[in-house]
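Only one structure is covered here, and it is reproduced in the block below.
Count residues from 1 along the sequence.
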Amino acid sequence: MARKKVEFKYIANDSKRRATQKKRKSGMIKKVDEISTLCGVDACAIIYTPDEPRPEVWPSPLGVNRVISRFNEMPVLEQSKKMMSQESFLRQKIQKGQDQLKKLKNENRKKEMNNLMFQSLGGYQSLDNATMIDLNDLAWIIDQNIKEVNKQISKLQGQEGTSNNNNRVATINDEQAQVDNLINSVELKYIANDSKRRATQKKRKSGLIKKVDEISTLCGVDACAIIYSSDDPQPEVWPSPSGVNRVISRFKEMPELEQNKKMMSQESFLRQRIQKGQDQLKKLKNENRKKEMNNLMFQSLGGYQSLDNATMIDLNDLAWIINQNINEVNKQMSKLQGQEGTSSNNNGVATINGEQAQVDNIINGGKVELKYITNDSKRRATLRKRKSGLIKKVDEISTLCGVDACAIIYTSDDPRPEVWPSPSEVNRVISRFKEMPELEQSKKMMSQESFLRQRIQKGQDQLKKLKNENRKKEMNNLMFQSLAGYQSLDNATMIDLNDLAWIIDQNIKEVDKQISKLQGQEGASSNNNGVATINEEQAQVDNLINSGVFPFVDTANNFQNDYRPAPFDP
């Protein structure tokens, strides 16, 4: 699927900017790690965010200081020799767009010659008026098609000897291959071949600078990149010598402990990717097992396979799959029976009680009613289970994310608290917390009140959304009922008529769009099938030049404010 286009400008919305910053920062660090490992170059990254005084650096304080020292030792003229500014970066993108335009012209010429070949073979067009250039290009196209046909014939002959008994079920080797692909999108090791390494370096260096430029512009963070290659003593830097020196000075002013705090080493980065690969492998195994059991179920029900040789594990898994299918069937039957009892006027429209129930599910986590459990035995069982789950969560965030965390849990029937990970570690984390100013302590504090307020706000937003969706369904239903003559509009209010008018306009626009689309397809000449015009080529180039940035779409407005037209005037 093609990547969406983004508007390349500062993101004003705080939450979206932070989310984009987090995602792009991770991608940028990955790019620096890859270019350093694959191409054997010295590179570092320093990223400042407006809401965090401590920078995030890669690969380590020692590595960053070494690259910075090497950069500072060079004369100013040498420092700026391969400097990549935003202007030169955009110039590169324009050049890339022009190259793409040239490529598109070649592709269009190829399509045009293919079309001419088929037209002449079918007797619909003569070659008498063709120029020498057209005839040369046509001869080349015919040769290419003959070679492609011969290649396909050879491939099909080779496939005839292979069997295909295990379709539908992926093997463990396939699963492992997919996980390996996930962990190593490319094989992450030094490229020995000089020409391949230089080509990879050039491509990845351009991608890395693009990532730094995007995170800096979109998220408003201070970032710089310094890249040393093995065959060039001058580094390539971004955004400019003054910009790099400013970020480096800001980084050096910090204590060494603060410099190390958010440091991302190659080891921790690879550990994250390996964990992701293992989780994916586990997921694939579960999916394959489920497919295998579904296949076994249908084979046995159809009498094509016996269960006599099935193991106990197979039978247990098969029983689970059958239960899941029975539950799904029962659910669908209950749903259909419930729909039969509703009146035709309210089909597809959720009631306010249903909406409120969904909102309550959101506020209360969708599982349990969030209130004190009065039954003693149930409360103790819930406490034991949730205490174990809470400690597991703290352990996971501490291990996976490398953060300092502790948990202290007091229960009503035990004066001694339960702590994690140990009393000494808890005291260390508490001491570190107490050393901070009171304002800093309360900055990211989450109380029960603020937590519930967040969840209530989420529920209210969901309720608002459901009401808008239900109103839209209600108006659609009213439109179809009135068109079919089952319902009159005499008792409809002005608001109903306005909303109904908007719905009808939307449906008419959709129909007009489909008609225009079909008419456009019918009117296209067969001679010009598959050939893009120069205007289309230029549009594609403009898209390429401005690629990489996602348009900001405001979805905060509700349905009523979005669609309600001017008051209905009979």
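With no hydrogens or angles considered, a side-chain donor-acceptor pair links Asp496 and Thr493 at under 3.5 Å. Checked by atom type, the side-chain pair Glu474/Asn470 shows no donor-acceptor distance below 3.5 Å.
Atom CD of Gln487 sits about 5.5 Å away from atom CD of Gln481, to the nearest 0.5 Å. With rounding to the nearest 0.5 Å, the separation of CH2 in Trp502 from NZ in Lys472 is 4.5 Å. How far OH of Tyr48 is from SG of Cys224: 9.5 Å, rounded to the nearest 0.5 Å. Within the model, atoms CG of Asn294 and CG of Asp317 stand 11.5 Å from one another, a figure rounded to the nearest 0.5 Å. The NZ atom of Lys276 lies 14.5 Å from the CG atom of Leu281; values are rounded to the nearest 0.5 Å. To the nearest 0.5 Å, the span separating CZ on Arg204 from CD on Glu34 amounts to 4.5 Å.
By the 6.0 Å contact criterion, CG on Asn491 is open, its count of non-hydrogen atoms from other residues, nucleotides or ligands being 12 or less. With a 6.0 Å radius and a threshold of 12 heavy atoms from other residues, nucleotides or ligands, Tyr10 has its OH atom above the threshold. For Ile373, the CD1 atom sits in a packed shell: over 12 heavy atoms of surrounding residues, nucleotides or ligands are nearer than 6.0 Å.
Looking at heavy atoms from C-beta onward, Met494 lies in side-chain contact with Asn498 at the 4.5 angstrom threshold. The closest side-chain heavy-atom distance from Leu390 to Arg386 is not below 4.5 Å. Leu296 places none of its side-chain heavy atoms less than 4.5 Å from the side chain of Ile321. Here the side chains of Val221 and Ile215 are in contact, with some heavy-atom distance below 4.5 Å. Looking at Met479 and Asn507, their side chains come closer than 4.5 Å, going by heavy atoms from C-beta outward. A heavy-atom distance below 4.5 Å is found between the side chains of Thr49 and Gln21. Residues Glu418 and Ile408 fail the side-chain proximity criterion, which asks for heavy atoms closer than 4.5 Å. The shortest side-chain heavy-atom distance between Leu284 and Glu287 falls under the 4.5 Å cut-off.
A distance-only check finds no donor-acceptor pair linking the side chain of Ser388 to the backbone of Arg384 [under 3.5 Å]. Judged by distance alone, with hydrogens and angles left aside, the side-chain atoms of Thr382 form a donor-acceptor pair with the main-chain N or O of Lys378 at under 3.5 Å.
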Side chain to side chain contact (heavy atoms under 4.5 Å, CB included) between Ile209 and Trp238, intermediate numbers included: CA-CA 7 Å; Ile209 289 170; Trp238 188 94; 3.5 Å; yes
Mind running side chain to side chain contact (heavy atoms under 4.5 Å, CB included) on Lys96 and Gln100 for me, showing each step along the way? CA-CA 6 Å; Lys96 188 178 177 184; Gln100 188 72 2; 5.9 Å; no
Determine, step by step, whether Leu500 and Leu489 satisfy the side chain to side chain contact (heavy atoms under 4.5 Å, CB included) criterion, reporting the C-alpha distance in whole Å, the side-chain angles of both residues, the deciding distance to 0.1 Å, and the verdict. CA-CA 10 Å; Leu500 183 61; Leu489 297 177; 3.9 Å; yes
Does the side chain to side chain contact (heavy atoms under 4.5 Å, CB included) test come out yes or no for Lys513 and Glu510, once each step is laid out? CA-CA 5 Å; Lys513 196 184 291 181; Glu510 187 63 31; 4.1 Å; yes
Please report the C-alpha distance between Asp461 and Lys464 in whole Å, then the side-chain angles of each, then the deciding distance to 0.1 Å, and finally whether the salt bridge (Lys or Arg N to Asp or Glu O under 4.0 Å) criterion is met. CA-CA 5 Å; Asp461 294 341; Lys464 197 174 182 181; over 6 Å; no
Give the intermediate values and the outcome of salt bridge (Lys or Arg N to Asp or Glu O under 4.0 Å) for residues Lys509 and Asp512. CA-CA 5 Å; Lys509 285 177 185 176; Asp512 288 341; over 6 Å; no
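Across all their heavy atoms, Ala12 and Arg17 have their closest contact at O-NH1, 3.3 Å.
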